[in-house]
Asks: 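Questions regarding the structure given below will be posed in turn.
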Amino acid sequence: MSKEKIILGIDPGTTIMGFGLIKVVGKTMKFMQLNELDLKKYDDHYLKLKLIFERTIELIETHHPDEIAIEAPFFGKNVQSMLKLGRAQGVAMAAGLSREIPITEYSPKKIKMAITGNGNASKEQVAKMLQSLLGIKKLPKNLDSMDGLGAAVCHFYNEGRIEIGKSYSGWSAFVKQNEDRVKK
């Protein structure tokens with residue numbers, strides 16, 4: 001009997017949080033769901049973070065993922081945007097860690113490379129490849145959910161490799177691997 005596992009992929013954002021779920025049976029992945037949390041109508045940044053946390057917990061409680069793959073924030077020129085994106089990622093990670101679910105971060109370039117073979121592929125190229133790989137009939141209007149799905153598929157492709165990104169199995173593992181971030 002093949003072991004089954006569910007991977008939740010998250011593309012964190014304070015405007016739109018995209019997510020996708022795949023089920024892995026043996027060495028085969030199957031599409032489960034993709035969706036997004038639209039946060040554009042909210043002005044309060046802290047409310048957005050609360051909603052990201054709650055939605056991530058809801059996804060965990062509904063689908064019981066065995067692992068979470070999350071897109072790491074890319075380094076942009078706008079420091080405020082980076083800070084907000086980092087907070088969104090941290091809140092989604094905290095939700096997973098609170099349920100003791102292992103989390104792995106992947107850079108956008110690594111996700112694109114895993115899906116298309118080109119680390120500089122466009123959002124549209126990644127979405128089209130995922131659509132083809134997983135038999136998704138229609139692409140969503142916003143591609144943020146496809147980015148979340150891409151993180152899950154990247155994690156599936158990188159399983160068993162030694163260097164896949166930062167991985168945490170719980171709060172203590174996170175603290176141990178990030179001792180330089182602990183305030184003394």
Side-chain angles (χ1 to χ4, degrees), residues 5-24 27-37 52-53 55-56 59-60 63 65-76 81-97 99-134 136 140 142-170 173-174 176-178 181:
K5 80 171 163 183
I6 294 173
I7 302 171
L8 168 60
I10 299 174
D11 175 31
T14 55
T15 305
I16 297 174
M17 177 184 102
F19 63 87
L21 288 140
I22 59 171
K23 181 184 281 190
V24 177
K27 295 187 182 293
T28 307
M29 67 176 158
K30 295 180 182 180
F31 171 72
M32 287 179 64
Q33 180 187 3
L34 69 135
N35 212 325
E36 59 193 35
L37 173 61
I52 291 167
F53 184 85
R55 182 64 173 128
T56 306
L59 287 166
I60 291 167
H63 299 286
D66 299 286
E67 297 170 7
I68 295 175
I70 192 162
E71 186 172 312
F74 59 92
F75 295 101
S81 293
M82 278 297 301
L83 181 61
K84 287 179 180 178
L85 199 54
R87 287 176 176 167
Q89 182 200 32
V91 165
M93 290 173 76
L97 291 169
R99 298 301 195 264
E100 302 291 324
I101 301 172
I103 298 171
T104 305
E105 294 179 76
Y106 294 96
S107 70
K109 204 173 202 67
K110 178 122 181 150
I111 293 170
K112 291 174 181 181
M113 185 63 139
I115 307 299
T116 68
N118 174 4
N120 296 315
S122 70
K123 232 175 161 54
E124 292 75 19
Q125 288 171 313
V126 172
K128 285 285 189 191
M129 184 61 84
L130 287 169
Q131 182 180 27
S132 174
L133 282 169
L134 296 168
I136 299 168
N142 296 316
L143 297 180
D144 300 87
S145 56
M146 294 300 281
D147 290 345
L149 187 63
V153 172
C154 175
H155 187 67
F156 168 74
Y157 285 148
N158 283 281
E159 191 172 50
R161 295 198 181 155
I162 294 168
E163 177 103 22
I164 56 175
K166 288 188 177 180
S167 208
Y168 313 109
S169 58
F174 178 83
K176 194 173 203 175
Q177 291 180 36
N178 293 281
R181 297 166 108 182

Asks: Spell out, as yes or no, whether a donor-acceptor pair under 3.5 Å connects the side chain of T56 to the backbone of I52.
Replies: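 Checking the backbone N and O of I52 against the side chain of T56, a donor-acceptor pair under 3.5 Å is found.
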Asks: Would you call N158 and K110 a side-chain contact if the rule is heavy atoms closer than 4.5 Å?
Replies: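 They are in contact (side-chain heavy atoms under 4.5 Å apart), so the answer is yes.
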Asks: If every non-hydrogen atom of G20 is compared with every non-hydrogen atom of A152, which pair is closest and at what distance?
Replies: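 Answer, listing the atom of G20 first, then A152: O-CB, 4.2 Å.
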Asks: Are the side chains of N35 and S145 in contact, using a 4.5 Å heavy-atom criterion?
Replies: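 The answer is no, as the side chains (C-beta and beyond) never meet within the 4.5 Å cut-off.
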Asks: Could you give the distance from NZ (K128) to CG (L133), rounded to the nearest 0.5 Å?
Replies: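 Separation between the atoms: 13.5 Å.
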Asks: Which pair of non-hydrogen atoms, one from I60 and one from A95, has the smallest distance, and what is that distance?
Replies: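 So the minimum-distance heavy-atom pair works out to CD1-O, 3.8 Å.
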Asks: Is there a side-chain contact between L149 and F31, using heavy atoms and a 4.5 Å cut-off?
Replies: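 L149 reaches F31 side chain to side chain.
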Asks: Evaluate the side-chain proximity of K30 to I22: yes if any heavy-atom separation is below 4.5 Å, no if none is.
Replies: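 Not touching, per the 4.5 Å side-chain cut-off.
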Asks: Taking all atoms of both residues into account, what is the closest heavy-atom pair of A121 and T116, and its distance?
Replies: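 It is CB-OG1, 3.4 Å.
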Asks: Sub-3.5 Å donor-acceptor pair from the side chain of D144 to the main-chain atoms of M17, do we have one?
Replies: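 Side chain of D144 to backbone of M17, a donor-acceptor pair under 3.5 Å: no, none is there.
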Asks: Could you tell me which non-hydrogen atom of C154 sits nearest to which non-hydrogen atom of Y106, and how far apart they are?
Replies: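 Here C154 and Y106 meet closest at SG-CD2, 3.6 Å.
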Asks: How many angstroms lie between CG in L21 and CG in L8, if you round to the nearest 0.5 Å?
Replies: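 Result: 5.0 Å between the selected atoms.
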Asks: Considering only heavy atoms from C-beta outward, does the side chain of I70 approach that of Q89 to under 4.5 Å?
Replies: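 Yes, close enough: below the 4.5 Å cut-off.
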Asks: Has M32 got more than 12 heavy atoms of other residues, nucleotides or ligands less than 6.0 Å from its CE?
Replies: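 For M32, atom CE is crowded (more than 12 foreign heavy atoms under 6.0 Å).
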Asks: Checking side chain to side chain contact (heavy atoms under 4.5 Å, CB included) against M146, which of L34, V153, I115, D11 comes through?
Replies: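 That would be L34; it is the only one of L34, V153, I115, D11 passing the side chain to side chain contact (heavy atoms under 4.5 Å, CB included) with M146.
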Asks: Main chain of I136, side chain of Q131: is a donor-acceptor contact present, judged purely on distance under 3.5 Å?
Replies: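 Answer holds: yes.
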Asks: Rounded to the nearest 0.5 Å, what separates atom CG in L143 from atom CD in E124?
Replies: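 Here the rounded value is 5.5 Å.
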Asks: Set out, in order, the CA-CA distance, both residues' side-chain angles and the distance that settles side-chain contact (heavy atoms from CB on, under 4.5 Å) for M93 and E105, then state yes or no.
Replies: CA-CA 10 Å; M93 290 173 76; E105 294 179 76; 4.3 Å; yes
Asks: Measure the CG-NZ distance between N120 and K109 for me, rounded to the nearest 0.5 Å.
Replies: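 NZ of K109 is found 3.5 Å from CG of N120.
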Asks: How about D66 and V24: do any of their side-chain heavy atoms sit closer than 4.5 Å?
Replies: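 Not touching, per the 4.5 Å side-chain cut-off.
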Asks: Working to the nearest 0.5 angstrom, can you tell me the gap between I68 CD1 and I6 CD1?
Replies: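 CD1 of I6 is found 12.0 Å from CD1 of I68.
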Asks: Cut-off 3.5 Å, side chains only: do N142 and E36 have a donor facing an acceptor?
Replies: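 Indeed, the side chains of N142 and E36 share at least one donor-acceptor pair under 3.5 Å.
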Asks: Which distance, rounded to the nearest 0.5 Å, do you find between the CD1 of I7 and the NE2 of H155?
Replies: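 Output value for this atom pair is 5.0 Å.
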Asks: What are the two closest heavy atoms between F156 and K27, and how far apart are they?
Replies: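 It is CZ-O, 3.4 Å.
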Asks: Looking at every heavy atom in both A151 and E71, which two are closest together, and how far apart are they?
Replies: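 Reported closest heavy-atom pair: CB-N, 4.4 Å.
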Asks: Report yes if some heavy atom in the side chain of L59 is under 4.5 Å from a heavy atom in the side chain of P65; otherwise report no.
Replies: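 The answer is no, as the side chains (C-beta and beyond) never meet within the 4.5 Å cut-off.
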Asks: Can you tell me if K123 has over 12 outside heavy atoms packed within less than 6.0 Å of its NZ?
Replies: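 It does: K123 NZ has more than 12 such atoms within range.
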